[in-house]
Number of protein chains: 2
Amino acid sequence: MGQGRPPTMRDVAEHAGVSVSTVSRVVNAEKYVDPATRATVEASVAALGFLRNESARTLRPGQRTATIALVVEDLTNPFSAELAHGVEIVAAGAGYVVLLLSTGRDARGDRDRVREDEIVGELLRRRVDGVLMVPGAEDREGRYAALAERAPVVFVDRLPRGVRGDVVLLDNTGGSRRLTQLLLDRGHRRIGYVGGDRGSGPGARRHAGFRAALRAAGVREERELLRFNQHSSDEARTATEDLLALAHPPTAVFCDNNRMTVGALLAVHRAGADVVIGGFDAVELAEVLVDRVALATYDPVDVGRQAARLLVERMGGSQAAPRRTTVPVVLAEFGT
Amino acid sequence: MGQGRPPTMRDVAEHAGVSVSTVSRVVNAEKYVDPATRATVEASVAALGFLRNESARTLRPGQRTATIALVVEDLTNPFSAELAHGVEIVAAGAGYVVLLLSTGRDARGDRDRVREDEIVGELLRRRVDGVLMVPGAEDREGRYAALAERAPVVFVDRLPRGVRGDVVLLDNTGGSRRLTQLLLDRGHRRIGYVGGDRGSGPGARRHAGFRAALRAAGVREERELLRFNQHSSDEARTATEDLLALAHPPTAVFCDNNRMTVGALLAVHRAGADVVIGGFDAVELAEVLVDRVALATYDPVDVGRQAARLLVERMGGSQAAPRRTTVPVVLAEFGT
DNA sequence: CTGAAAGCGCTTACAG
DNA sequence: CTGAAAGCGCTTACAG
């Protein structure tokens, strides 16, 4: 494996008896090459198994790396994985390759600042042509803004406070409001809320939609029914168990993302409780849980495709004002 | 965005009043640089926001790209996504960045040969330091073998016929045999089989384990209970419905991967049938389906970690004979 | 400890 | 249509 240096254009040129310039022209499929010369060179390329060194090509100013970076928190979340899939499809179609970077989370469930800095540095050193970023909530250190000054960036799922740029969002507020409305329509008045960070981003919007629906229905939001800052399905399960143990428990529980929904489903199932779950994000096999679930879903693959398309435009040199695309959210109800 | 060329070492050198060589030494944290000089240069680096161009560094022979490629079929499958996560963690820890490439499937559910060739070319042109590949079953065209000659490769989940190399496998045969044994122990004698490709790779091994368990128990494998070549949960659902509609239907169904299991669960659920499902791979919320499911699971993240560790060793120059690592499979039973 | 110079593998005007 | 030459941004012996 890896034995010997790979052949260079110089090797091909010698083998074919032409100059390096000519080899370059053939490899780049330029016009104005004599057909016979072209054939000879192509034969030498094949004979030597020549593959143009992309690092060398890239060195010339104005040449692209044909690489985009996708920065997500954790590929373990189906949202991230499907997003990546959508990105990859569009990227491949447009001639780009995807560099995948995960920020991870620290013990408190927050972004690791140091790791994020490393990632931004890495992208810039590699001169990626563009970046797709699922960002953290804040940009106090100006990390995202600095990145956006040096490379085309499209943000996904949230635009960090204090940053200008393209962003692809979900209809978090609307989806959440309609999902809550559905629960209200089914007669529920005590609705629990199990969610992650409430500060900003998707979590904040989803909670806002929840409140809006309650308000419109003249239902008070009860503090004792709210459980924020859950970061895993295990935590969500415990939080839901707490809710079920209340003297006056909720008859429905709103979950603000898929991990929350999974945890709540388990808690409700174990308790054998007669509680309806309304969850944001898709959860596979929800159909099997008839009579108990309503979901607000969207297509993460499509989010990836749209974001990648926006980025491809930007990399093409578009100087239009920052754009905001919103991917729709649809409700799915299983059972009543 | 992207305004102006990024600063070069030359810019830094001029700003600091030293030579480019000295800047290089400081940036590479070499010894034998006067502390005062180092400080000046570091100040200039910071002032100009200099980030070393990795393409240029890479050009020198012997320099690595610090890039590994991960080639999967489809990130939409949780196995691939978690695998990628494990890979990314080890890669980042070892100073590598991950290039993600998906082969996709064509209409018949097979690998797209053309796309695979493109991918191999892409990796080689980019001079990645190593490749992690979830390969197709065959290597008739010698694609994988050719790749393995030019770069360190670790295969995942299967070693294509006719290729030598490192591989990280699951205990497909053993896990499958034990899962089938469990169904037999519960008294099932008519066990349906819903699976994907039977020809080779994981599918073939899982079927082999199934047969081995039946044989050991003196149970005949009935042709009418076998449903191969299912490629989606929808197809698996239909196949399972077929099984349930037989004059003499199975009392248990063995599913050879997670898509099959999801489809079978839906079919059994819809039919309200009293059928136990034994499935290979994890399926979230299986716990909610108590009394109906046994799963053979393993940790795809761990598969990724192990494969990446093997690759890091190879990239370090290890010339040891090809290695084979097997990740264990554990049974989980829900309900009886 | 530091600098001048060569060279990595390409691309691209510039001549011819 | 083709080649010689310069140059992209680095690293690395080689002197000093």
Side-chain angles (χ1 to χ4, degrees), chain A residues 4-42 44-45 48-67 121-122 124-129 150, chain B residues 2 4-42 44-45 48-67 121 124-129 150:
Chain A
R5 302 231 172 299
T8 68
M9 280 199 178
R10 219 169 135 243
D11 299 326
V12 175
E14 280 172 16
H15 188 273
V18 298
S19 75
V20 172
S21 325
T22 299
V23 176
S24 176
R25 290 189 190 103
V26 171
V27 168
N28 288 297
E30 284 178 25
K31 304 181 94 175
Y32 307 119
V33 179
D34 183 271
T37 315
R38 184 185 300 280
T40 321
V41 172
E42 280 169 350
S44 298
V45 164
L48 300 180
F50 170 75
L51 289 166
R52 158 144 67 26
N53 182 323
E54 289 298 300
S55 296
R57 180 188 58 69
T58 290
L59 211 47
R60 281 252 129 189
Q63 292 274 0
R64 350 205 84 189
T65 53
T67 306
E122 191 70 51
L124 260 11
R125 280 194 299 272
R126 287 173 184 260
R127 305 290 191 264
V128 298
D129 296 326
R150 286 168 158 250
Chain B
R5 302 230 172 299
T8 68
M9 279 198 179
R10 220 170 132 242
D11 299 326
V12 176
E14 279 172 16
H15 187 275
V18 298
S19 76
V20 173
S21 324
T22 298
V23 176
S24 177
R25 288 186 191 105
V26 171
V27 169
N28 288 298
E30 284 179 24
K31 305 182 92 174
Y32 307 120
V33 178
D34 183 272
T37 314
R38 184 184 301 281
T40 320
V41 172
E42 279 170 350
S44 298
V45 164
L48 300 180
F50 170 75
L51 289 166
R52 156 140 73 26
N53 182 324
E54 289 298 299
S55 295
R57 181 188 57 70
T58 290
L59 211 47
R60 281 252 131 188
Q63 292 275 359
R64 349 205 87 188
T65 53
T67 305
L124 260 13
R125 280 193 298 273
R126 287 173 184 259
R127 303 292 193 265
V128 298
D129 296 326
R150 287 168 158 249

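Just so it is clear, the values below take in all heavy atoms, side chains as well, and ignore hydrogens, waters and symmetry mates. Here is the naming used below: chain letters follow the sequence lines, and residue numbers restart at 1 for every chain.
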Atom CZ of B:R126 and atom P of C:dG9: how far apart are they, to the nearest Å?
19 Å
Within the structure provided, determine whether A:L59 and B:L59 are in side-chain contact (heavy-atom separation under 4.5 Å).
yes
Length of the CD-P vector between B:E30 and C:dG3, whole Å
14 Å
Would you say B:R126 and B:T67 make side-chain contact, with heavy atoms under 4.5 Å?
no
Distance-only, no hydrogens or angles: does the B:D34 side chain make a donor-acceptor pair with backbone N or O of B:A36 under 3.5 Å?
yes
If you check every side-chain atom of A:L59, which of D:dT11, C:dG9, C:dT11 has the closest atom?
C:dG9
Is there a side-chain contact between B:V18 and B:V41 in this structure, where contact means two heavy atoms from C-beta onward sitting under 4.5 Å apart?
yes
Among the candidates C:dA4, C:dG9, C:dC1, find the nucleotide nearest to the side-chain atoms of B:S19.
C:dA4
Just the rounded figure in Å: distance from P of C:dG9 to CZ of B:R125.
18 Å
Answer whether the closest heavy-atom distance between the side chains of A:N53 and A:T8 falls below 4.5 Å.
no
Interatomic distance where CD belongs to B:E14 and C1' belongs to D:dG9 [whole Å]:
14 Å
With respect to the side chain of B:R127, which nucleotide from C:dC10, C:dG3, C:dC8 is positioned closest?
C:dC10
Quick check on DNA chain C: between B:G17 and B:P61, whose nearest nucleotide comes earlier from the 5' end?
B:G17
Side chain of B:R5 only, heavy atoms from C-beta on: which candidate in C:dT2, D:dT11, D:dG9 is closest?
D:dG9
Wobble G-U and Watson-Crick pairs count when both distances are under 3.5 Å; given that, what is the 5' to 3' dot-bracket string of DNA chain C, with | for pairing to other strands?
|||.||||||||.|||
Among C:dG3, D:dT11, C:dC10, the one nearest any side-chain atom of B:T22 is C:dG3
Within the 4.0 Å heavy-atom criterion, would you say A:E54 contacts the bases, only the backbone, or no part of the nucleic acid?
nothing
Of the listed C:dT2, C:dC10, D:dT12, the closest approach to the B:V33 side chain comes from C:dT2
Nucleotide nearest A:V18 when distance is taken to its side chain, options D:dG3, D:dC1, C:dC10:
D:dG3
Nearest-nucleotide pick for A:R60, side chain only, options being D:dA5, D:dG7, C:dC10
D:dG7
Nearest-nucleotide pick for A:R25, side chain only, options being D:dA13, C:dA13, C:dT11:
C:dA13
For D:dC8, take OP1 and OP2 only and decide whether either is under 4.0 Å from a side-chain N or O of B:N53.
no
Kindly say if A:R52 contacts the phosphate of C:dT11, meaning a side-chain N or O under 4.0 Å from OP1 or OP2.
yes
Distance (rounded to the nearest 0.5 Å) between A:D11 CG and A:M9 CE
11.5 Å
Would you please say whether a donor-acceptor pair under 3.5 Å links the side chains of A:T37 and A:R25?
no
Which is true for A:S21 with a 4.0 Å heavy-atom rule: it touches a base, it touches only sugar-phosphate, or it touches nothing?
base
May I have the distance from A:Y32 (atom OH) to D:dC1 (atom C1'), rounded to whole angstrom?
10 Å
From the set C:dA4, D:dC10, C:dT2, return the single nucleotide nearest to any side-chain atom of B:M9.
D:dC10
Where the side chain of A:R127 meets the backbone of A:R64, is there a donor-acceptor pair that is under 3.5 Å apart?
no
Whether the side chain of B:R10 and the base of D:dG9 hold a donor-acceptor pair under 3.5 Å is what I'd like checked.
no
What integer distance in Å separates B:Q63:CD from D:dC10:P?
13 Å
Quick check on DNA chain C: between B:D34 and A:V20, whose nearest nucleotide comes earlier from the 5' end?
B:D34
